[in-house]
Amino acid sequence: MKDTAAKPVLLTMRDVRIDGHSEEVWSPIIKGVDLTLHKGEVLGLIGESGAGKSTLGLAAMGFVRDGCRISGGTIDFDGIDLLAASDAKKRGLRGKRIAYVAQSAAASFNPAHKLIDQYSETPVQHGVMSEQEAHRDAVELYRRMQLPNPDEIGFRYPHQVSGGQLQRAMTAMAMACRPDLIIFDEPTTALDVTTQIEVLSAIRNIVARFDTAAIYITHDLAVVAQMADRIKVLLRGNEVEEADTRTMLSAPKEDYTKSLWAVRSYARPTQPPVRKGTVPVVAVKGVTAGYGQVDILKNINFDIHKRRTVAVVGESGSGKSTAARVITGLLPPRQGQVLFNGKTLPPDYRKRNRDQLRQAQMIYQMADTALNPKLRLRELIGRPAQMYLGLNGKALNERVRALLDLIELEPDTYIDRLPSELSGGQKQRIGIARALAAEPQFIICDEVTSALDQLVAEGILKLLDRLQGEFDLAYMFITHDLATVRAIADEVVVMQNGRVVEQGPKDQMFQPPHDPYTELLLSSVPEMDPDWLTRLLEERAAKAAG
Amino acid sequence: MALLLTLLKVAIAIAIAMASGWLFRAALVAITRGETRKMLRTAPVSAGFGMLVVFVYVFVAVFAHVIAPFSEREIVGAQFLPWDSTHLLGTDNLGRDMFSRLIYAARNTVGIAFATTALAFIAGSFLGLLAATVGGWLDQVLSRVVDVLMAIPALVFALLLLTIFGTSVVKMVIVIATIDATRVFRLARSVAMNIVVMDYIEAAKLRGEGLFRLIIREILPNAMAPLVAEFGLRFCFVFLMISALSFLGLGIQPPTADWGSMVRDNASLITFGNITPLLPAGAIALLTVAVNFVVDWSLHRASGLKE
């Protein structure tokens with residue numbers, strides 16, 4: 001870690017207050033936060049969603065989103081008062097001296113122009129370089145960002161490169177004018193762990209190479225531990241604490257920070273192994289399935305037993321969700337079959353009877369799209385109970401209230417709410433209640449925690465665990481997050497390109513020897529140790545060399 | 001000078017319209033509660049004015065027999081009498097009271113237009129949602145039939161059908177509703193296309209919900225906002241179409257009063273510089289503008305735009 005405190009101060013924010021406008025009133029988003037950033041220093045901003053991380057990051061450019069205003073404080077960037085500066089002056093700074101890298105590179109690039117032309121736009125606009133110089137410079141930076149074929153990749157369109165490459169191209173673009181400050185807003189959140197490593201190491205190299213100061217916004221503690229010199233924790237618009245990375249990780253002062261740190265240590269007790277000869281609740285036998293002529297799944301086999309959780313892991317495109325679609329009957333397989341308690345299920349859900357449908361329920365990744373926004377909780381949760389169990393009137397009302405109690409939501413307060421009147425974690429709980437309302441034996445959880453903050457996600461995992469014990473449920477847990485697997489799984493199925501590359505009990509899976517792909521996946525999961533990334537890159541380089 | 005005076009008059013008219021719109025909105029806010037109240041409070045003044053005008057039209061249409069000084073069809077004096085205290089707007093080409101006919105026409109024209117639009121919506125949106133939900137060959141058949149119907153210019157097609165089937169109010173309602181249902185079908189289908197791919201629809205299908213319940217409870221509530229906005233616009237088009245058909249003699253038949261044929265009957269007066277024949281046209285224009293104010297506001301709300 002560099003000694004950056006001795007360097008001159010680049011950015012000073014004092015008692016910054018930002019309000020957001022909603023429902024005709026101004027309510028505070030940032031409630032008086034101080035921030036100091038030295039030249040060449042990387043500051044990590046962490047906190048759950050709604051903490052004001054992005055708002056604060058944007059304010060460092062003197063920018064606020066529509067419907068927001070800066071209501072107090074000072075922002076001083078290298079002697080320039082950003083709050084007093086004219087729009088023209090701020091425009092002159094943005095892109096040239098302060099740059100911004102957004103979460104979704106795919107949404108931030110213009111799909112109609114080549115990467116290199118978009119790269120050149122900023123330096124040419126600001127009069128830093130001519131077009132030819134910018135092109136030459138782009139190739140140089142693409143090389144530094146470890147992009148494949150740096151000489152040619154710039155002449156592709158955004159849709160012709162992968163997500164991780166696009167994110168790196170975006171970082172290169174932000175570097176075009178060699179800015180003094182870059183704001184990274186969750187640059188790797190949308191990426192797989194294996195891709196994330198490449199982007200993280202590229203960002204870290206280039207920031208160090210040009211001695212650029214950076215604000216790194218993320219909710220992933222392990223990532224921030226690799227990237228930042230100092231960490232600032234935010235909670236609902238207030239600063240919780242700030243310290244340099246090592247101090248923060250080893251000795252957090254505040255309870256909130258400690259609770260954030262503790263999340264990753266949650267793990268439920270391991271279940272005893274299933275006795276030989278037990279009929280599994282769900283058995284997937286030799287399933288090959290796909291869309292059109294393309295096979296997405298190739299000869300998949302796995303069993304899920306009563307009261308057990310099988311985690312299916314793999315990167316995006318590995319066929320995890322397709323396997324779930326085959327089990328639910330949305331995608332009839334080309335070969336193979338799905339057995340339920342030893343009996344074959346009809347491959348198409350439309351051919352299954354009501355009881356077969358009832359027994360297998362699903363909880364979706366995005367609770368926002370999985371709950372009908374126009375129905376009240378009473379009907380959302382009550383409908384399966386009404387359909388499958390024939391409950392009506394008073395009995396139905398009682399059942400809905402009992403279910404709300406079960407997911408730890410107060411029935412009187414919530415029963416007549418719409419999904420839009422709930423937080424992200426509460427919506428996911430409603431998804432769980434809806435699945436439970438059918439009184440199933442088996443539930444598919446499709447990335448149920450990946451859209452949630454870590455503390456909220458932990459609450460959901462604990463709830464699922466408790467419900468499994470109460471109702472003897474079998475879970476199929478689709479995830480790409482190995483920390484979740486560690487916390488909740490009994491057995492693990494690792495998938496790659498539509499094949500199962502390894503499967504077995506959890507304890508065995510986290511012990512070597514591994515299949516090479518499992519090894520890559522496991523080693524790519526960021527750890528809280530600030531030296532983890534450096535060590536991992538050295539190990540991989542040594543392996544490649546030798 | 002004259003120009004300035006005209007401008008001044010226009011400015012006063014706009015000011016009065018805005019003030020009345022503001023007052024009407026304030027009155028609505030005072031008598032409503034909860035969600036509706038919150039929604040009304042954020043309504044622009046133009047929407048307030050639009051709601052006021054629509055309210056006045058509906059009031060006049062419902063209480064026409066009470067408000068109108070004379071009956072709809074009775075001949076009460078000489079032809080083309082000028083404005084005076086008994087015949088507020090004079091008499092028409094047959095000596096009927098112009099003011100009373102204007103009021104009765106509100107009932108006929110607005111009522112028929114509303115019935116037609118409602119019919120077009122029930123048929124169009126149900127079939128549109130059905131096509132999007134079921135997909136496959138049903139979608140193909142319905143969509144191609146609609147394409148064919150839409151390829152023929154609406155007014156010409158209506159004239160053709162009415163000439164074939166003859167003119168009566170019921171037939172006219174059915175013909176116009178059929179033509180307009182094709183437009184509603186297209187909208188409902190495209191809106192529903194975006195809804196049927198949502199996870200909650202997949203969840204409902206996996207739950208084993210029937211087709212009807214899927215459409216009514218899961219899809220329709222989410223398609224309501226654009227459909228309601230479209231209802232307002234469609235109402236204006238239907239209204240103008242009925243007036244146009246009546247003007248051409250194939251719409252509402254005499255002696256029933258309606259605004260379109262009233263313009264035609266009294267058109268000869270225009271050559272003498274008399275504005276009376278244009279009043280029904282003005283009534284049509286005012287309602288169309290007012291409905292659009294309300295529609296703009298509801299579209300704005302539906303799209304979630306705040307600025």
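Just so we're on the same page: letters track the sequence lines, and every chain starts at 1.
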*asked:* For R186(B), I'd like to know if atom CZ has over 12 heavy atoms of other residues, nucleotides or ligands within 6.0 Å.
replied: no
*With no hydrogens and no angle check, is any side-chain donor or acceptor of Y364(A) less than 3.5 Å from a backbone partner on Y200(B)?*
no
*Sequence-distant partners of R213(B), salt bridge (Lys or Arg N to Asp or Glu O under 4.0 Å), two or more places apart*: E379(A), E209(B)
*asked:* Once rounded to the nearest 0.5 Å, what's the spacing between atom CG of D199(B) and atom CD1 of I363(A)?
replied: 13.0 Å
_Best-contacting candidate, R350(A), Q365(A), R383(A), M387(A), against chain B by heavy atom pairs under 4.5 angstrom_ = R383(A)
*Considering heavy atoms only, which positions within residues 425-439 of chain A lie below 4.5 Å of chain B?*
R434(A)
*Report, by ascending residue number, the residues of residues 369-378 of chain A in heavy-atom contact with chain B at a distance under 4.5 Å; give 'none' if the set is empty.*
T369(A), A370(A), L371(A), N372(A), P373(A), K374(A), L375(A)
*Sequence neighbours left out, what passes ring pair (Phe, Tyr, Trp, His ring centres under 6.0 Å) with F24(B)? Give chain and number order.*
F55(B)
_Interatomic distance, R358(A) atom CZ to L206(B) atom CG [nearest 0.5 angstrom]_ = 15.5 Å
*About how many Å separate OH of Y349(A) and CD of E202(B), when rounded to the nearest 0.5 Å?*
8.5 Å
_Is it the case that over 12 heavy atoms from other parts of the model lie below 6.0 angstrom from the CZ atom of F114(B)?_
no
*asked:* Looking at Y291(A), I'd like to know if its OH atom is crowded, meaning that more than 12 non-hydrogen atoms belonging to other residues, nucleotides or ligands lie closer than 6.0 Å.
replied: yes
*asked:* Can you give me the closest heavy-atom contact between P384(A) and R207(B), atom names plus distance?
replied: CG-CD, 3.9 Å
